[in-house]
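All chains are named by letter (A, B, ...) in the order of the sequence lines, taking the proteins before the strands, and each is independently numbered beginning at 1.
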Number of protein chains: 2
Amino acid sequence: MGRKRLQESADGRPTVHTVAARAGVSIASASRVLNGVGGSPETIRKVREAAAEVGYVPNAIARSLQSQRTGLVALAVEDIGNPVYVEMMRAIESVVAASGRQLLVHATGGRIDNETALLRRLAHRYVDGMIVSPIRVTDDHLAALVDSPVPVVVVGQLAADAPVDNVRTDSRTGVGLAVDHLVAAGRRRIGFVNGPLDTVPGTARDAGFRAALTRHGIALDERLVEVGDFRYAAGRAATERLLARAHPDALVCANDLIAVGALHALLAAGRRVPDDVALVGMDDTELARMMFPQLSSVSLGSAERGRRAAELLLSRIADSSLPPRREQVAPSLAVRASSATAPLTVPAPAPPAPAPRTPEVTA
Amino acid sequence: MGRKRLQESADGRPTVHTVAARAGVSIASASRVLNGVGGSPETIRKVREAAAEVGYVPNAIARSLQSQRTGLVALAVEDIGNPVYVEMMRAIESVVAASGRQLLVHATGGRIDNETALLRRLAHRYVDGMIVSPIRVTDDHLAALVDSPVPVVVVGQLAADAPVDNVRTDSRTGVGLAVDHLVAAGRRRIGFVNGPLDTVPGTARDAGFRAALTRHGIALDERLVEVGDFRYAAGRAATERLLARAHPDALVCANDLIAVGALHALLAAGRRVPDDVALVGMDDTELARMMFPQLSSVSLGSAERGRRAAELLLSRIADSSLPPRREQVAPSLAVRASSATAPLTVPAPAPPAPAPRTPEVTA
DNA sequence: CAAACTCCCGGAAACGTTTACAGCAAGCAG
DNA sequence: CTGCTTGCTGTAAACGTTTCCGGGAGTTTG
């Protein structure tokens, strides 16, 4: 005698049918009670009881099929290990949670096929919408974004005419802020440690750096420019290569992870920060404040961008007929000890240290 | 004249019915072709063509309702900003991806209701399984884990008789390793900066610290113990409080974020690391290696735990009748500059600098 | 007391797939 | 030529919900 059909699900779990049968009511009534809409006191009692007895738990997939929404929102970023995304995620999460939805994060690892695959999978209705922050954008990818079956908001630069909601910042200008600051502090041999040039932020920051130097009438010494990826180890390695062939008096880094790598390379090479080399990171993440000395950093408003992106997404989920919108968040510079002009300011009074010695390399 | 029913979905998107009608075949044939199973060459052509013309994209929710699986796996952690979870996530992701599934991450923020809510929501079939690393466990919570509708693997300590797949480590012993090392290096006034005592790791590490001191016959000075949460800012604040009232010659921290906070507090207070105060963190994350000096840290095998947890989960998804399993990963200690007895070792061979100097931060 | 209104209930139709089943045509062996 | 196999096809039934709709009972109003 096989199990009764229409009573429990394939794997033996109770369904609304099970509950209804046990309570002696129709599935319609059971469903109503379970959703807290309608039902006489008696019916409510019976259904609640039956549900508790069999340990009923609703199948969200079935419910979603009916309601056409899952209550889930996804965020796809390249590297969850980058604190900038953590900040962005926190901002997004608080907006999303306030709307009664849940946020899921997916790390694409920067592999573009991965990201496209994610779109082609998650977006097939598993989530009500998604926020994507791609660092590389191909035509293919863009196409997938544009005709995604679910609302998508892109955080980052995008072709001007792409019909996709978009929150961006201006990292070109951001790099400019860093250079302005360093030049004002008297630095002239300003180096730049960047991420890959085949990424959107990589190219923007490179352009920003070159433009800023030009603006100040400083000729660019290519030996002062080095490229790795956007992570710590690469930043450190890139800085080591740079230091082996040039003598910067300041370094701008394309993000904070790279800046930390650079700091490590500088200290290991016996350069003092900021006395010998001033250092400015980018993204202004918590990591910058966790360093010693604390790192100056260009804020690209990641939390703000996240918040705005989440709001754009929610409004589009609510009304898909809205025209594509584009928002911009201005960069700003946070000056801290790593690029202070005055003698290194210590967060708290330091004890009289033995007179700092200048390593010969920079003497 | 309303749109034709059974032809397109509620929001106007094409369904398999649309494609079938357009191709002039039944939905069964259309579905078969779309899934690449069966179909005459002629049918295949017509269906493919029709699908392309209308831009058909299958509704994953409907498919999942039918197949009873989504191909998604979730990881729920307290704080995605903690690099230990990033490492764990990477390990899990590689196993999960190899099985053709996708990993989604959810940050619970340690709010236990949040985590229970997640279980009660995601687990209601949105995902095929989930890995949870709770830092607080109530009976309620445990109950939700035990009779979750989808397979769950817990990373972390759990009541011995809990019928849940479980990967754990022994952080008590882990703290012991740190203390042993410091004692062997001649340190005696060993302080401890912990996370909240109402968390599972918090209590375990506290117990481990006390047991280790006792084992070495060192009387515990309560002024050398301080508590915050598991993040950087709290770690720094806790260390500042501790330093204001006691004079440790070594500090053990309950994780690397706290250790970074402690390092910052120590340097700001003018203490040299490791000369005045030796420092040992825990979790052995990338962050420990990013500091200067690099931090010694107790590895709790987070990547390994992640890997094992993912494997447990996949095997349980494949066969839910397996008995609950429990695996253990042993801790180990990575000794680095922050607790080195010998003169500060520089992390990487510095460029052949004339007479290596001790970088000023630690001078 | 009849009519109108409220409330609650159950049947049945969705939501968009996959798939068991049966029918049918064509190919082949006897 | 008959009977069997093979390969496609379409019909319809699932998957587990929610919800529209019509009917029946009870209550209020004129």
- Note on the structure: Protein heavy-atom contacts under 4.0 Å, written 5' to 3' over nucleotides 17-24 of chain C as B (base), S (sugar-phosphate only) or - (none), form the string BBBB----
- Using whole Å, report how far CZ of A/Arg69 lies from P of C/dG16. 16 Å
- Task: For the residue pair B/Asp165 and B/Leu313, establish whether any side-chain heavy-atom pair is separated by less than 4.5 Å.
- Result: no
- Query: If each of B/Leu65 and A/Ile44 is mapped to the nucleotide of DNA chain C with the nearest heavy atom, which maps nearer the 5' terminus, i.e. the 5' end?
  - Reply: A/Ile44
- Task: Five pairs at each end of the helix from C/dC1-D/dG30 to C/dG30-D/dC1: take the axis at both ends and give me the angle between them to 10°.
- Result: 50°
- Item | Whole angstrom value for the distance that separates P of C/dC9 from CD of A/Glu42 | 9 Å
- Task: Answer yes or no: is there a side-chain heavy-atom contact under 4.5 Å between A/Ser315 and A/Leu322?
- Result: yes
- When you check the phosphate oxygens OP1 and OP2 of C/dC9, does a side-chain N or O of A/Ser40 lie under 4.0 Å from one of them? yes
- Pairs meeting criterion salt bridge (charged side-chain N to carboxylate O under 4.0 Å, His left out) with involvement of residues 34-45 of chain B, two or more places apart: B/Glu42-B/Arg45, B/Arg45-B/Glu49
- Note on the structure: Across all chains, not counting sequence neighbours, the side-chain hydrogen bond (donor to acceptor under 3.5 Å, both in side chains) partners of B/Ser99 are B/Arg101
- Flag if over 12 foreign heavy atoms under 6.0 Å of CG, B/Asp319: yes
- Item | Interatomic distance where CD belongs to A/Gln68 and C1' belongs to C/dA14 [whole Å] | 11 Å
- Item | B/Asp128 side chain to B/Gly71 backbone, donor-acceptor under 3.5 Å | yes
- Only counting residues at least two apart or in another chain, list the ones meeting salt bridge (charged side-chain N to carboxylate O under 4.0 Å, His left out) with B/Arg308. B/Glu304, B/Glu327
- For B/Asp198, all residues meeting salt bridge (charged side-chain N to carboxylate O under 4.0 Å, His left out), sequence neighbours excluded: B/Arg136
